[in-house]
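Everything on this sheet refers to the single structure shown next.
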There are 2 protein chains.
Amino acid sequence: MRVVSWNVNGLRSAHGKGFLPWLSGARAQVVALQEVRARADQLPNEVRTPPRWKTHFSSAERPGYSGVGLFSRDEPDAVETRLGIPEMDVEGRLQLARFGKLTVANVYFPNGNGKDRDLSRIPFKLSFYRRLFAELEKPLRDGGRVLVVGDFNTAHQDIDLARPRENRETSGFRPEEREELDRWLRAGWVDSFRHFHKGGGHYSWWSQRFGVREKNIGWRIDYVLASPGAMAYVKRAAIHPDVSGSDHCPVSVDLDSAVR
Amino acid sequence: MRVVSWNVNGLRSAHGKGFLPWLSGARAQVVALQEVRARADQLPNEVRTPPRWKTHFSSAERPGYSGVGLFSRDEPDAVETRLGIPEMDVEGRLQLARFGKLTVANVYFPNGNGKDRDLSRIPFKLSFYRRLFAELEKPLRDGGRVLVVGDFNTAHQDIDLARPRENRETSGFRPEEREELDRWLRAGWVDSFRHFHKGGGHYSWWSQRFGVREKNIGWRIDYVLASPGAMAYVKRAAIHPDVSGSDHCPVSVDLDSAVR
DNA sequence: CATTAAACG
DNA sequence: CGTTAAATG
């Protein structure tokens, strides 16, 4: 079974660029979207409830901002959207969906840039990382089968962005942000794409300014992290840079269907 | 000589819809624009200073809001943009340009609708009408040659809008607003278009909602008012409903060139 | 219903 | 540089 994650940068916009044909052809069991930027009731019916898909949305209180959505072939056994911290929960950043023995966490981690193009949102971003880490500590320890998929808004290592030197101080590649990812991996979470692909040049996000995507000057900030219990079933991980419609591209894993 | 007035609803937008070709073909000596909605430095060069035109702009402090512009074949002898009332002067609503013996006042009268789609801006609108009226009282009494052109944001009489009954309470056709126009005409100003055309069905603005322009359900709210001294030279007045590019269309007068 | 700017990424 | 929403008309 395939699990796909995609930051669509506005599902209504992506819809106008062929989201539904892409969805049909993705051969996925579960599709996790970030930056939906709409409440469910603002979406056209054909996107809110496409035939043969079950859908769930968690939107931010603030209109047009953040928001995650989950499309799955089967109805999940349960979906939880809260971390219990109101400041985080009002931003529509999380869906914890259980499919039998497999849990998929669809996460849109906060961007570190603040109002005045400063770094003022980094503390909130780091808190969010820590709060979710704590939430998933128990299933991880218990050998649970968990995938954490989404836009982490952080490139982990030099190999994960085209211009590491120039971005040491940029939010998304600062030491304190990378350290949060380090903590996850030290605890046992596996960066599934990196597990299978040791080389660089694979990115999931490109700035919209200039024509930088053509030159593949990007960042790998969208991940599928797998708990060891889930990783045992991961056969393959991929990035799909040819899929357009957003400034991010989809990332995916293929799992042995016995994982559920 | 022809003097034209047009509320362009964003000169940058109108530019993208063929403003310059229209300007070339307008056979005008003076073109007065309202709702330029840009500072001069935000305009592309070809619009800010087209070959063979002299241009002047007065913009609002608030970005993207209001603003008037004057295009003339000859450089005006003087251009004044202030009424002396700061609340009015910061909104870029007036250019008083002198061409020899002829004065052209390019005016964007305030809209009466306020923040919450209420009528809260009507007092400001009426004050503006009165302040400008007072400003032009002396030249009028002295037999001066003055044209007041622009978007008055008021339909004068039943004949000046397609749906008078339905709009008695709507800003733009309320008694207190129509009364301001009455005052101007009583004082001797002549509604040049109405002087030559006694019939109805001639409008200069149509709502953008629905397909109402096609059905000619509009309002005549753009005028060329002439002082008696100027009216003696007005040979003809016209409305140009076929000109697209804005929710308003241009209005014009042709004058004997001896008026200057 | 269309224009523009602002916030955010 | 693109998406969305808010203000204004």
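Convention: sequence-line order gives letters A, B, ...; per-chain numbering from 1.
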Taking Watson-Crick and G-U wobble contacts under 3.5 angstrom, with | marking pairs to another strand and [ ] crossing pairs, the secondary structure of DNA chain C is written ||||.||||

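- Using a cut-off of 4.0 Å between Lys/Arg side-chain N and Asp/Glu carboxylate O, B/Glu169 and B/Arg174 are scored as not salt-bridged.
- Atoms NE2 (A/His248) and P (D/dC1) sit 17 Å apart, rounded to a whole Å.
- Remark: C1' of D/dA7 and CD of B/Glu91 are 14 Å apart, rounded to the nearest angstrom.
- Extent of DNA chain C lying under 4.0 Å from chain A heavy atoms, first and last nucleotide in 5' to 3' order, is C/dA7 to C/dG9.
- Interface residues of residues 204-222 of chain A facing DNA chain C, ordered by number: A/Gln208, A/Arg209; criterion, heavy-atom separation under 4.0 Å.
- Here A/Arg194 pairs with A/Asp160 under the side chain to side chain donor-acceptor pair (under 3.5 Å) rule; sequence neighbours left out.
- Near DNA chain C, defined here as any heavy-atom distance below 4.0 Å, there are no residues from residues 154-165 of chain A.
- Counting to the nearest Å, the P atom of D/dT3 and the CD atom of A/Glu35 are 12 Å from each other.
- Sorted by first and then second residue, the pairs that involve residues 114-123 of chain A and meet salt bridge (charged side-chain N to carboxylate O under 4.0 Å, His left out), not counting sequence neighbours, are A/Glu91-A/Arg121.
- Taking atom CG on A/Asp41 and atom P on D/dT4, their separation rounds to 15 Å, with Å as the unit.
- For A/Arg183, the CZ atom counts as densely surrounded, since its 6.0 Å shell holds more than 12 non-hydrogen atoms of other residues, nucleotides or ligands.
- Look at B/Glu177 and B/Lys125 and you find a salt bridge, because one of the NZ, NE, NH1 or NH2 atoms lies within 4.0 Å of a carboxylate O, short of that distance.
- Distance B/Leu119 CG to D/dG9 C1': 14 Å, rounded to the nearest Å.
- Of the side-chain N and O atoms in B/Arg62, one or more sit less than 4.0 angstrom from OP1 or OP2 of D/dT8.
- Cation-pi contact between B/Arg178 and B/Phe173: present, with separation from the ring centre below 6.0 Å and deviation from the ring axis of at most 45°.
- Atom CG in B/Asp151 sits about 10 Å away from atom C1' in D/dG9, given to the nearest Å.
- One atom, CZ of B/Phe124, and another, P of D/dG9, lie 10 Å apart when rounded to the nearest Å.
- You'll find the ring centres of A/Tyr65 and A/Tyr108 outside the 6.0 Å limit.
- Taking atom CG of residue B/Asp118 and atom C1' of nucleotide D/dA7, one finds them 13 Å apart after rounding to whole Å.
- For B/Arg117, whose side chain is taken as the heavy atoms from C-beta onward, the closest listed nucleotide among D/dG2, D/dT8, D/dA6 is D/dT8.
- Here the options are A/Phe133, A/Phe152, A/Phe109, the test is ring pair (Phe, Tyr, Trp, His ring centres under 6.0 Å), and the partner is A/Phe128; only A/Phe109 passes.
- The phosphate of D/dA5 (OP1 or OP2) has no side-chain N or O of A/Tyr65 nearer than 4.0 angstrom.
- B/Gln42 comes within contact range of the sugar-phosphate backbone alone, with a heavy-atom separation under 4.0 Å but no base atom that close.
- For the pair B/Arg220 and B/Tyr203, the cation-pi test (distance below 6.0 Å, angle within 45°) is failed.
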